[in-house]
Protein chains: 2
Amino acid sequence: MDTLETRELRYFMAVAEELHFGRAAERLGMAQPPLSRAIQQLERRLGVSLLKRNRRGVSLTGAGEMLLHEGRAALDATTAAARRTRRAGGADSPGGPRNRLVLAVKAGASHELLHKLLDAYAAEPDAAEIEVLPSGTCEQEGMLRDGRADVALMHAPFNSLAGFDSEELMTEGQIAILPAGHPLAAHRTLSLSDVSDIPDLPLARWSRHGTYPPGPGPEIHDQTQLAQLIALGRTVAVFPDSARAWLWAEHTAVPLTDAPPVVTHIAWPAHSRSLALAGLIRTATRL
Amino acid sequence: MDTLETRELRYFMAVAEELHFGRAAERLGMAQPPLSRAIQQLERRLGVSLLKRNRRGVSLTGAGEMLLHEGRAALDATTAAARRTRRAGGADSPGGPRNRLVLAVKAGASHELLHKLLDAYAAEPDAAEIEVLPSGTCEQEGMLRDGRADVALMHAPFNSLAGFDSEELMTEGQIAILPAGHPLAAHRTLSLSDVSDIPDLPLARWSRHGTYPPGPGPEIHDQTQLAQLIALGRTVAVFPDSARAWLWAEHTAVPLTDAPPVVTHIAWPAHSRSLALAGLIRTATRL
DNA sequence: CCCTGTCATACCCGGTAGGTATCACCGAGG
DNA sequence: CCTCGGTGATACCTACCGGGTATGACAGGG
C-alpha cells in the first residue's frame with residue numbers, strides 16, 4: 001500500500017539528516033539493524049531507492065532528497081495536528097480551560113506594536129487567552145508549521161511568508177546601533193556600506209540553528225549579549241527602528257538611508273478556521 | 001509520546017467523517033471492535049476526548065473538530081510526500097525516466113494560455129516533461145495538497161490560493177453563455193442581475209464533491225452536459241472570456257459588465273524546491 | 001595484513017494490531 | 001412492559017512484525 005507511516009518517516013528523516021545509520025539509530029534511541037531493515041522496507045514499499053550506500057557513509061538519491069523535504073512538511077503537519085488537538089482539548093467543556101491562542105514573536109521585536117495588539121484584543125468581547133511565545137532568530141515559521149504556535153508576528157524580508165496567510169501591520173526603516181563614542185555615531189544618517197566594512201567594528205554573526213555564518217565578527221545568540229558587545233565598542237548592529245525601545249545609554253542609533261524597509265506581518269497557517277484567531281487578526285488590522 | 005501515527009489519523013478521520021464506528025470500520029476494511037479500541041487509545045494518548053458517544057450515534061468535540069481539520073492537512077502532506085517521492089524515483093539514474101512535473105488544470109479552462117505555456121516551456125533548454133492532469137471543479141487545490149500534482153493553473157476568485165505560492169498570469173472578464181435564440185442574446189452587454197433570475201433559464205448547479213447546492217437549475221458535473229443544456233435552451237451559464245474557445249453554433253456569448261474579473265494564476269506548494277518547477281514558473285511569467 | 005568502521009543478515013522474543021464472540025445500553029414497537 | 005434491533009464497548013485469542021542481540025561481508029587505513 002501507499003500509506004507511509006509516521007514512524008517510517010521519522011526513521012528516514014534521522015538517517016537522511018545524519019547520513020549514517022549508527023548515529024541515526026542512536027538519535028532515535030534504537031539499535032542499528034532494525035533501522036536498516038525499516039529503511040529497506042520503506043524503499044521496497046515506495047518502489048524507489050532513497051539512499052546510495054557507498055562504502056564510507058551514505059548519500060541521498062534524488063528521490064531521497066524529495067522525501068527529505070516533503071517528509072519534513074508532513075512530519076511538521078502531524079505534530080502540529082497533535083499539538084493543536086491537545087491544546088483544543090476540554091475547551092468545550094463548560095467552565096473548562098478557556099480557548100487559547102499561542103502567538104509567536106521574535107524575542108524583543110515590535111514591543112510597542114505587540115503591546116497595543118494585546119491590549120486592544122483583550123478589550124474585545126469574548127477574547128481568547130493569548131499566550132505569547134518568544135522565539136529565537138527566525139524560528140516563528142517553524143513554530144507555526146509544527147503547531148507550537150497558532151499565529152505569529154513576522155518580519156519581512158527576514159521571515160518568509162510562503163505557505164501562510166498574512167496581513168501587513170507596520171512598515172519601518174532600519175537603524176545602525178553604534179557605540180556612543182564611535183566617530184560614525186556623530187553622523188545624522190548612514191548607508192549600509194558605511195557600516196558593513198568598519199575595520200574596528202565587524203558585524204556580529206547570529207546563531208541559526210546552533211551554527212554561525214563565517215566572518216570576523218563575534219558570535220551572538222541573544223540580544224543582551226549583542227547590546228553589551230556594542231556598548232563595549234566591539235561591534236555594530238543593524239535593526240528595525242523599533243529596536244530603539246531597548247537601547248542603552250552607551251548606544252547611539254543612526255538611521256540607515258538605503259536599508260530595505262522592514263514590514264511586520266501577522267501570519268497564520270492558511271487552513272486555520274478558528275474564531276478566536278479571526279478575532280485577533282481583525283483586531284490587528286484595525287490598529 | 002506525542003507521536004500520532006498515520007494509521008491512527010486515518011482511523012480517526014474515517015470515524016469523524018462517518019460519525020459511525022460500524023460504517024467507518026467497513027470503509028477501512030476492518031472490524032468495528034479494533035477500531036473502537038484504536039480511537040480510545042488515541043484519546044488516551046492525546047489526553048483529550050475527541051468524540052461524544054451519545055446513544056444513537058457519535059458527534060465531535062471541539063478537540064475532535066480540530067483534529068479533523070489538522071489531520072486532513074497532515075494526511076494530505078504524508079500522501080503527498082509518498083507520491084512525490086515515487087515520482088522522483090529513478091530520475092537521477094542516467095538515462096532513466098526524465099524529470100517530470102504534473103500540472104493540474106481545470107478541464108477545459110484557459111486552453112489558449114495552457115497551449116502557449118506548454119509550447120514555450122518545451123522550447124526551453126533542459127525542460128522537464130509536463131504531464132497535464134485535467135481536474136474536476138475546483139479540485140486543483142486538493143491535487144496540489146496531496147501530491148497528485150506539482151503545480152496548477154488556478155482561477156481566482158473560484159480557487160483559493162491560501163497556502164500556496166503563486167504568480168499572476170492573466171486577467172479576463174466574464175461572459176454569459178445563452179441559447180442563440182433567446183431574447184437576451186440580442187443584447188450587447190448584460191449585468192449579473194440580468195442572468196441570475198431568468199424564470200425560464202435557471203442557473204445550473206455544479207457538483208462539488210458529489211453534492212449539489214439547492215436551487216431550481218439542472219444538476220451538472222461536466223462541461224459538455226452544460227453546453228448541451230444551453231444549446232437546448234434549458235439553462236444559462238457564466239464563464240470567463242476564454243470559454244469562447246468551446247462555444248457551439250447554438251450558443252451566444254454576451255459580455256457581463258459587473259461580473260468580477262477572473263485572474264488565472266500558476267500556483268505551487270510553498271515549500272517546493274524543484275529546478276524544473278522554477279523553470280516552468282519563469283516561462284509562465286514571461287508569456 | 002589485520003583492524004576498524006560501516007551497513008546487511010540471521011534469528012529470537014514480546015507487544016500489539018486485528019479478528020471473533022459477546023456484553024451493555026437505549027429507543028422503538030407491539 | 002417486554003422484546004428486538006442497532007449502537008459502541010469489552011474479553012479473549014492469535015499472528016504478525018517491530019525491535020533486540022549476535023554476527024557477517026566488505027572496504028580502507030595503519
Side-chain angles (χ1 to χ4, degrees), chain A residues 1-61 63-65 67-68 71 75 78 82, chain B residues 1-61 63-65 67-68 71 75 78 82:
Chain A
M1 306 310 174
D2 52 10
T3 151
L4 197 58
E5 285 300 315
T6 305
R7 178 178 47 84
E8 303 176 293
L9 257 185
R10 254 186 8 246
Y11 288 2
F12 174 76
M13 302 297 291
V15 176
E17 284 172 11
E18 299 282 349
L19 291 177
H20 189 289
F21 279 79
R23 282 195 299 274
E26 190 182 8
R27 194 171 111 182
L28 292 165
M30 64 187 291
Q32 169 260 320
L35 178 58
S36 281
R37 215 184 32 188
I39 301 289
Q40 288 175 62
Q41 284 178 4
L42 178 61
E43 287 179 304
R44 264 201 309 278
R45 288 232 322 265
L46 287 174
V48 179
S49 152
L50 299 168
L51 298 165
K52 278 199 282 258
R53 280 86 162 170
N54 311 315
R55 308 285 149 208
R56 224 82 205 150
V58 178
S59 62
L60 290 171
T61 66
E65 304 256 11
L67 188 56
L68 181 58
L75 276 185
T78 56
Chain B
M1 324 290 178
D2 52 9
T3 150
L4 196 57
E5 286 300 314
T6 305
R7 179 178 47 82
E8 304 177 292
L9 257 183
R10 253 187 7 249
Y11 289 2
F12 174 77
M13 302 297 290
V15 176
E17 283 172 11
E18 299 280 349
L19 292 177
H20 188 290
F21 279 80
R23 282 194 298 275
E26 190 183 8
R27 195 171 110 182
L28 292 165
M30 65 186 292
Q32 168 260 320
L35 178 57
S36 281
R37 216 183 31 189
I39 301 290
Q40 289 176 63
Q41 284 177 5
L42 178 60
E43 288 180 303
R44 264 202 307 279
R45 289 230 325 264
L46 288 174
V48 180
S49 153
L50 299 169
L51 298 165
K52 279 199 280 260
R53 279 86 161 170
N54 311 315
R55 304 290 148 207
R56 225 78 205 154
V58 177
S59 62
L60 289 171
T61 66
E65 303 256 11
L67 189 56
L68 180 59
L75 276 184
T78 55

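- The phosphate of dA9(D) has OP1 or OP2 within less than 4.0 Å of a side-chain N or O from Ser36(B).
- Among the atoms of the strands shown, none is found under 4.0 Å from any heavy atom of Glu8(B).
- If you run side chain to side chain contact (heavy atoms under 4.5 Å, CB included) between Leu51(B) and each of Thr61(B), Leu42(B), Val15(B), only Val15(B) comes through.
- Set against dG8(D), dT21(D), dA21(C), the side chain of Pro33(B) has dA21(C) as its closest nucleotide.
- When each of Phe21(B) and Pro34(A) is assigned the nucleotide of DNA chain D bearing its nearest heavy atom, the one mapping closer to the 5' terminus is Phe21(B).
- Summarising the geometry, the separation between CD on Glu26(B) and P on dG8(D) is reported as 13 Å, rounded to the nearest angstrom.
- Between Glu5(B) and Arg10(B) no salt bridge is recorded (no basic side-chain N to carboxylate O distance below 4.0 Å).
- Between Glu5(A) atom CD and dC17(D) atom P there is a gap of 13 Å when expressed in whole angstrom units.
- For Asn54(B) and dG8(D), the CG to P distance is 11 Å, given to the nearest whole Å.
- One finds no side-chain N or O of His20(B) lying less than 4.0 angstrom from the OP1 or OP2 phosphate oxygen of dG6(D).
- Contact between the side-chain N/O atoms of Arg37(A) and the OP1/OP2 oxygens of dC17(D) is not found at any separation under 4.0 Å.
- Once rounded to the nearest 0.5 Å, the distance linking CG of Leu28(B) with CZ of Phe21(B) reads 11.5 Å.
- We find that CZ of Arg53(B) is positioned 16 Å from P of dC26(C), with the value rounded to whole Å.
- For Gln32(B), no side-chain nitrogen or oxygen approaches OP1 or OP2 of dT20(C) to under 4.0 Å.
- In terms of phosphate contacts, Gln40(B) brings a side-chain nitrogen or oxygen within less than 4.0 Å of OP1 or OP2 of dT10(D).
- Salt bridge absent: Glu43(A) and Arg37(A) never bring a charged side-chain N and a carboxylate O closer than 4.0 Å.
- Here the C1' atom of nucleotide dG8(D) and the NZ atom of Lys52(B) are 17 Å apart, to the nearest Å.
- If you measure from atom CZ of Arg7(A) to atom C1' of dT16(C), you get 12 Å, rounded to the nearest angstrom.
- Residues Val48(B) and Ala63(B) approach most closely at CG1-CB, 3.1 Å, considering heavy atoms.
- Distance CD (Gln41(B)) to C1' (dT16(C)): 8 Å, rounded to an integer number of Å.
- Distance CG (Leu35(B)) to P (dA9(D)): 9 Å, rounded to an integer number of Å.
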